[in-house]
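Worksheet: the structure to be examined is printed underneath.
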Amino acid sequence: MTRAERADVVVIGAGPAGIAAAVSAADLGASVLLLDHGLEPGGQIWRHRAGARVPRTASRWLARLRRSGARVLRGVSVLDVRRADDGSPFEIVAEHDGTSAIVHARRIVLATGARELFIPFPGWTLPGVTGVGGAQALLKAGTSFSGRRVVIAGSGPLLLPVAASLASVGARLAIVAEQAPRESVVSFVSGLWRSPSLLAQAAQYRARFAATRYSTGTWVTEAHGTEHLTAVTLTDGRCTWREEADVLCTGYGLVPSVELARLLGCDVRDGAVVVDDTQQTSIAGVYAAGEVTGIGGAPLALVEGEIAGTAATARHVAVGSLMHRRDALRESARRMRATFAPRAELRACVTPDTIVCRCEDVTLAAVSRAPNARAAKLYTRAGMGPCQGRTCAPALSFLCGWAPDTVRSPVEPALVSVLATDSTSSDSGATS
Amino acid sequence: MSRRDIRIVVNDRELRVKPGITLAAALLNEGIQDFRTSVTGTPRAPLCGMGVCFECRVTVDDIAQQRACLIAVRDGMRVRTGSVDE
């Protein structure tokens with residue numbers, strides 16, 4: 001049975017940006033529906049373990065969300081978003097609890113967040129190899145890391161809170177390896193005098209894993225083991241050595257999740273959704289906020305969410321001071337991204353036999369025979385699996401410079417029974 | 001073993017797990033390293049933890065291809081791991 005819903009503003013994604021957008025729109029009197037994948041609002045960064053203390057900013061915004069008139073639908077998979085023509089409402093086709101839901105929206109705010117950039121290397125598909133954010137998510141979801149020997153080897157500020165969390169729960173942290181060169185990291189940290197609270201936070205995180213080496217200019221080249229991980233090879237460009245490990249947390253920053261934006265036809269540049277001053281995308285009535293417009297962290301996501309949610313109500317509310325704060329945060333985000341950009345040497349870790357598409361077990365050698373992502377998909381099935389290129393496309397973009405192939409609905413795997421109830425799908429141009 | 005523990009069945013073995021955790025966490029805590037078997041026969045386990053990579057797929061209550069990291073443990077849940085993609 002199809003569930004039908006309708007709202008002035010539909011926000012997709014309940015991380016900081018989505019929550020701020022939903023609250024802002026609802027507080028201005030719009031009817032708001034907030035759709036989310038997860039079991040609880042908060043997205044990735046505001047996940048918390050059952051019973052754990054929630055950070056103050058998160059709990060304030062979650063409380064505001066509860067008090068606002070916004071309705072939250074959890075456990076939702078958005079499959080398709082489209083509009084019959086310029087004047088009509090948007091139609092969002094989703095799967096919720098095994099049944100289909102069609103949501104009509106006057107305006108949409110895309111707050112679909114980001115995911116980790118994984119760069120392949122030999123052995124990266126072994127059980128025991130997780131993302132950096134992946135380990136954090138698994139930890140918050142109840143996974144025990146107590147007594148496990150952990151190597152963290154990746155990039156970006158995210159390494160610090162994850163190392164701190166794992167150390168706090170009794171993981172034996174062998175090393176935290178940051179691929180960015182020492183000079184870049186030092187320069188970035190010195191630049192944090194502008195944000196003393198961030199500097200203090202970084203120091204607090206570092207203190208929680210003080211007994212572990214934090215090594216810059218260091219990266220993983222291989223993961224070893226047969227049925228699961230047993231050891232990791234690291235290098236600093238001069239020396240190469242092996243660390244025993246049960247768990248390797250690896251991830252090289254974040255990439256925006258722009259699938260729905262691309263499906264709608266929004267302009268995307270350098271992998272991020274292009275928005276104007278009011279957070280509106282190139283498609284009228286579609287707004288975007290948070291990591292999806294460019295990786296920049298939770299404070300920026302909150303500001304962008306407020307601006308987008310306000311703008312999506314089409315009420316003329318002054319958001320000048322928000323824009324000011326946003327521009328400053330965006331500048332910091334740019335510096336952060338430049339500091340931690342994955343180094344060229346990471347392209348040399350992958351061998352012809354290394355799997356690049358994990359869903360279909362396609363090696364680099366197989367994929368390299370193709371000139372682009374579309375051809376690779378046709379020759380080898382790379383990108384055709386359940387993740388639809390979410391894992392391999394950013395990796396192949398880094399390794400081969402390829403742009404991702406086009407996005408088609410359903411954007412996530414869906415039950416046939418759900419797709420069958422979407423009676424207008426044949427008009428959307430998506431073919432079987 | 002607390003009275004609040006949840007009972008799930010994994011590969012015909014009964015497990016007691018804490019409520020409020022995801023199925024992926026429960027399986028990892030049990031030492032399960034092969035959530036699924038890849039198309040070339042290699043074992044796979046969770047990578048991204050957030051429902052994007054699809055490596056954590058298991059069969060739950062006879063429905064295949066469920067992402068364990070997105071499912072909360074539920075009393076009486078029956079789980080099968082290690083399956084190959086059909």
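Heavy atoms only: backbone and side chains are in, while hydrogens, waters and symmetry mates are out. Below, chains carry the letters A, B, ... as their sequence lines are ordered, and counting in each starts from 1.
A search for salt bridge (charged side-chain N to carboxylate O under 4.0 Å, His left out) contacts involving A:Glu244 returns nothing, not counting sequence neighbours.
Taking each heavy atom of B:Cys53 and A:Cys387 in turn, the nearest pair found is O-CB, 3.9 Å. The nearest pair of heavy atoms linking A:Ser77 to B:Arg67 is OG-NH2, 4.1 Å. Of all heavy-atom pairs between B:Met50 and A:Gln44, the closest is CB-OE1, 3.3 Å. For the residue pair B:Ala25 and A:Ala141, the shortest heavy atom distance occurs at CB-O, 3.3 Å. The nearest pair of heavy atoms linking B:Ser38 to A:Asp361 is OG-OD2, 2.6 Å. The minimum heavy-atom distance between B:Ala24 and A:Leu138, with the atom names listed, is CB-CD2, 4.3 Å.
Neither the backbone nor the side chain of A:Gln136 comes within contact range of chain B; no heavy atom of the residue lies under 4.5 Å from a heavy atom of that chain. A:Leu139 does not touch chain B: none of its heavy atoms, backbone or side chain, sits under 4.5 Å away. Of the atoms belonging to A:Thr125, heavy atoms from both backbone and side chain fall under 4.5 Å from chain B. Contact annotation for A:Phe118: only side-chain heavy atoms (C-beta onward) come within less than 4.5 Å of a heavy atom of chain B.
Side-chain contact between A:Arg115 and B:Cys48 is absent, with no heavy-atom pair separated by less than 4.5 Å.
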Acceptor/donor pairs from residues 69-76 of chain B side chains to any protein atom, 3.5 angstrom cut, sequence neighbours excluded:
| unit_1 | atom_1 | unit_2 | atom_2 | d |
| --- | --- | --- | --- | --- |
| B:Arg74 | NH2 | B:Asp61 | OD2 | 2.7 |
| B:Asp75 | OD1 | B:Arg7 | N | 2.9 |

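Of the possible polar contacts, none joining the B:Asp34 side chain to the A:Glu227 backbone as a donor-acceptor pair under 3.5 Å is found.
In terms of heavy-atom pairs under 4.5 Å with chain B, the best-connected choice from A:Glu116, A:Arg47, A:His37, A:Gln388 is A:Arg47.
For the atom pair OG1 (A:Thr130) and CG (B:Leu28), the distance works out to 9.0 Å, reported to the nearest 0.5 Å.
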Fill in: CA sep, side-chain torsions, deciding dist, call: A:Arg358, B:Leu47, side-chain contact (heavy atoms from CB on, under 4.5 Å)
CA-CA 11 Å; A:Arg358 296 174 64 122; B:Leu47 173 72; 3.7 Å; yes
